[in-house]
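Chain naming here is simple, since letters A, B, ... match the order of the sequence lines and numbering starts at 1 in each.
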Amino acid sequence: MTASAATIDVSLPDGSVRTLPQGSTGLDLAKSIGSRLAKAAVATVINGAESDLGIQLPSGAVVAIITSDSDAGRHVLRHSTAHVLAQAVLQLYPGAKFSIGPAIEDGFYYDFDLPGAATFSDDDLSKIDSKMREIIKAGQPFVRSEMSSADALKLFVDQPYKCEIIERVTTGAADGTDVSEVQAGDVVSVYRNTETFVDLCRGPHVATTSALGHFALMKVAGAYWRGNEKGPMLQRIYGTAWESKSALDEHITRLAEAEKRDHRKLAVEMDLLSFPQELGGGLAVWHPKGAIIRKLMEDYSRHRHQTGGYQFVFTPHIANAELFETSGHLHFYKDGMYPPMEMDNGTYYPKPMNCPMHCLIYRDRQRSYRELPLRLFELGTVYRYERAGTLHGLLRIRGFTQDDSHIFCTEDQMADEITSLLDFVLSVLRQFGFEDFEFKLSTRDPDKSVGTDEIWGKATTALREALERHGVQYSVKEGDAAFYGPKIDIDVRDAIGRKWQLSTIQCDFNLPERFGLEYIGADNARHRPIMLHRALFGSVERFFGVLLEHYGGAFPTWLAPVQVRVLAVTSGHEAYAQSLVDQLVAEGFRVDTSTADEQLGKRIRSAKLERIPYVLVVGDDDVAHQTVGVNPRGGEVVRDVKFSAFAEQLRVETQSAANISGLRG
RNA sequence: GCCGGGUUAGCUCAGUGGUAGAGCAACCGCCUUGUAAGCGGUAGGUCGUGGGUUCAAUCCCCACACCCGGCUCCA
């Protein structure tokens with residue numbers, strides 16, 4: 001058999017079969033299909049397994065080419081760029097130890113341990129960037145080899161983190177953070193770029209560093225080794241990498257767009273709220289324009305709860321330690337609580353949750369099964385001690401208000417209740433413009449939980465059934481539940497595709513037990529109710545922050561702090577403008593005007609920057625004919641609209657919210 | 001809490017070991033204006049707080065507070 005005569009057949013994803021010379025690689029296959037494909041190819045999938053382009057194809061294999069503009073291809077680019085980063089750092093900082101460097105969404109990172117516990121500063125990034133570009137220019141090959149764990153341990157004898165990864169794989173202790181480096185088993189693979197630089201890695205990688213180059217180093221950060229805060233703090237460098245200059249530029253532009261929507265920035269620009277330093281970290285004050293939006297959100301929430309079978313309650317902000325002993329918070333949640341206040345008749349804590357107080361309301365008198373499900377609702381403000389470094393605008397603060405409800409029901413009612421809750425949650429979220437949801441089912445962490453296996457099983461099943469009845473996709477997060485029971489968390493996607501966790505539905509059989517809650521059943525015996533915790537906004541503050549970013553500050557008319565601004569062309573038209581303002585305000589709309597000291601164009605610009613939904617311009621013609629010029633946000637100007645017609649359109653647009661809040665809007 | 005970077009006028013940001021500047025906003029005039037910036041003027045800051053070094057600190061050092069990016073944690 002001569003090599004030149006021998007051929008192999010491989011089949012492609014579309015089912016077609018190609019014949020290639022024996023010994024052909026993925027790259028050869030790509031070339032045989034087309035030069036553009038060959039240029040874009042970064043790796044192959046051979047019989048379902050990702051491999052390097054240079055791997056010889058076995059006959060009969062099913063082969064797909066991974067191109068750089070696919071998710072999988074970018075993953076390869078990013079992972080390979082991470083190796084280049086590691087090589088650059090090891091060259092520039094002799095004695096540095098490298099640990100892990102995976103591809104992540106939109107980029108990659110690599111964690112290092114610098115000699116003498118040195119740290120990176122932002123200035124180091126440009127130096128590292130230049131070195132990386134040298135490496136890329138040199139066109140170093142990525143050469144794969146496989147070896148036994150024992151040999152690998154010798155190869156990485158000076159690299160303790162690599163050795164730890166190898167050992168964990170060998171002993172079967174590997175977890176998710178290891179799999180980007182190595183596959184399970186006793187054989188590990190390494191990729192060598194130069195005499196001196198070799199990295200433990202499962203691959204695949206691009207053929208040479210020349211295939212890279214459209215990258216940017218983004219930021220430096222500390223990161224715990226293996227995410228363990230008791231472990232060493234490593235130095236992490238984040239980067240992003242793309243298949244082309246234009247894709248990289250687009251990504252940078254997207255980041256800039258997201259930054260423009262940053263709720264902290266918009267809150268300042270739009271005068272919605274602030275975090276005065278004297279107030280302390282993670283505590284906000286609401287200015288009038290932010291407060292009116294919040295009030296409308298809360299009014300809407302109250303209305304939906306009132307018509308949705310809930311009863312309103314109010315509870316205080318602090319409670320005696322005894323209450324939190326009973327609830328178990330002082331045992332399971334103490335780290336998340338504000339420190340205690342000593343008073344003459346005991347120790348008091350600000351409440352981190354509303355549930356214990358709602359339990360007290362339930363327990364105040366005997367309950368009958370006829371009362372269940374009993375749904376208690378409160379916009380309850382809670383205080384949680386969040387560690388200083390975790391605070392983040394409105395999305396992570398120390399004092400916040402939950403649209404909180406605790407539903408007491410029988411075990412039999414639990415599944416139906418959860419099912420209808422899901423409808424309720426989604427219908428409320430849709431009112432705020434969210435359409436794209438993701439569901440997560442969190443299950444028990446045996447080390448951090450109370451209750452029997454049986455009841456956990458029952459509750460988890462009820463949640464799962466509710467999700468399945470809705471026919472929605474959901475992911476399971478093992479061990480992510482609260483200490484008292486399993487839960488469903490709902491993420492929403494906002495207008496620019498980012499995910500936010502908002503709503504939560506949680507089962508609890510712990511608190512009814514701890515508080516000794518009971519109801520008298522139809523059988524005249526005492527039974528223990530199940531308790532469901534649920535919040536739709538989650539936290540009003542966080543929801544507001546998400547909403548602000550979702551709308552980019554351009555709140556829909558029913559929520560906008562100022563819905564209409566009437567502008568007189570000259571001061572001679574101000575009386576007419578004011579009469580329109582008065583008519584709309586009398587109907588409950590939020591409308592204002594500004595005097596004609598500035599030029600019209602400038603006043604319109606100001607209104608646009610404030611993101612006011614409608615600007616009405618009135619001049620001579622309008623005074624004469626009871627009309628207005630309508631300049632809607634994001635739309636075209638229409639002249640000579642009858643004012644009555646505009647007012648009617650405004651009524652229709654805001655109708656659903658109007659009868660809820662008592663305000664137009 | 002940990003690692004890194006910050007904090008200068010209401011906002012966005014320059015700047016210097018010898019007690020500070022721009023643009024926008026504000027205020028006052030002039031202009032009376034038809035759909036995103038008319039012109040001129042005035043006022044506004046103990047340079048985050050407290051210590052230290054120095055003849056002299058907004059600038060250098062230390063501590064603290066707060067903010068930003070991550071890690072950990074989380075509504």
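At a cut-off of 3.5 Å, with distance as the only test, a side-chain donor of A:Y614 or A:E653 sits close to an acceptor on the other residue. With 3.5 Å as the limit, one finds a donor-acceptor pair spanning the side chains of A:S274 and A:H287.
Aromatic rings from A:Y110 and A:F108 are positioned such that their centres are separated by 6.0 Å or more.
The partner of B:rA20 cannot be assigned: no Watson-Crick or G-U wobble pair with both contacts below 3.5 Å exists in any strand.
Straight-line distance from the CZ atom of A:R603 to the P atom of B:rG38: 11 Å, rounded to whole Å.
By the 4.0 Å N-to-carboxylate-O rule, A:K260 lies close enough to A:E257 to be salt-bridged with it. A:R639 has a carboxylate O that lies under 4.0 Å from a charged side-chain N of A:D621, or vice versa, which qualifies the two as a salt bridge. Using a 4.0 Å cut-off between charged nitrogen and carboxylate oxygen, A:R387 and A:E229 count as a salt-bridge pair.
For A:Y385, no side-chain nitrogen or oxygen approaches OP1 or OP2 of B:rC73 to under 4.0 Å. In terms of phosphate contacts, A:Q277 brings no side-chain nitrogen or oxygen within less than 4.0 Å of OP1 or OP2 of B:rC66. Distances shorter than 4.0 Å separate none of the side-chain N or O atoms of A:Y224 from OP1 or OP2 on B:rC73. An OP1 or OP2 oxygen of B:rC68 is reached within less than 4.0 angstrom by a side-chain nitrogen or oxygen of A:R264. When the side-chain nitrogen and oxygen atoms of A:H392 are compared with OP1 and OP2 of B:rC74, none of them lie within a distance under 4.0 Å. Between A:K219 and B:rC71, a side-chain N or O to OP1/OP2 separation shorter than 4.0 Å is absent.
Between A:F275 and A:R396, the residue anchored closer to the 5' end of RNA chain B is A:F275, taking for each the nucleotide with the nearest heavy atom.
Using a 4.0 Å cutoff on non-hydrogen atoms, the parts of residues 571-579 of chain A near RNA chain B are A:S571, ordered by number.
A:F400 qualifies as a stacking partner of the B:rA75 base, centre to centre under 5.5 Å and near-parallel within 30°.
Under 3.5 Å, the side chain of A:R605 and the base of B:rU35 form no donor-acceptor pair of N or O atoms.
Across all their heavy atoms, A:V628 and A:F643 have their closest contact at CG1-CD1, 4.1 Å.
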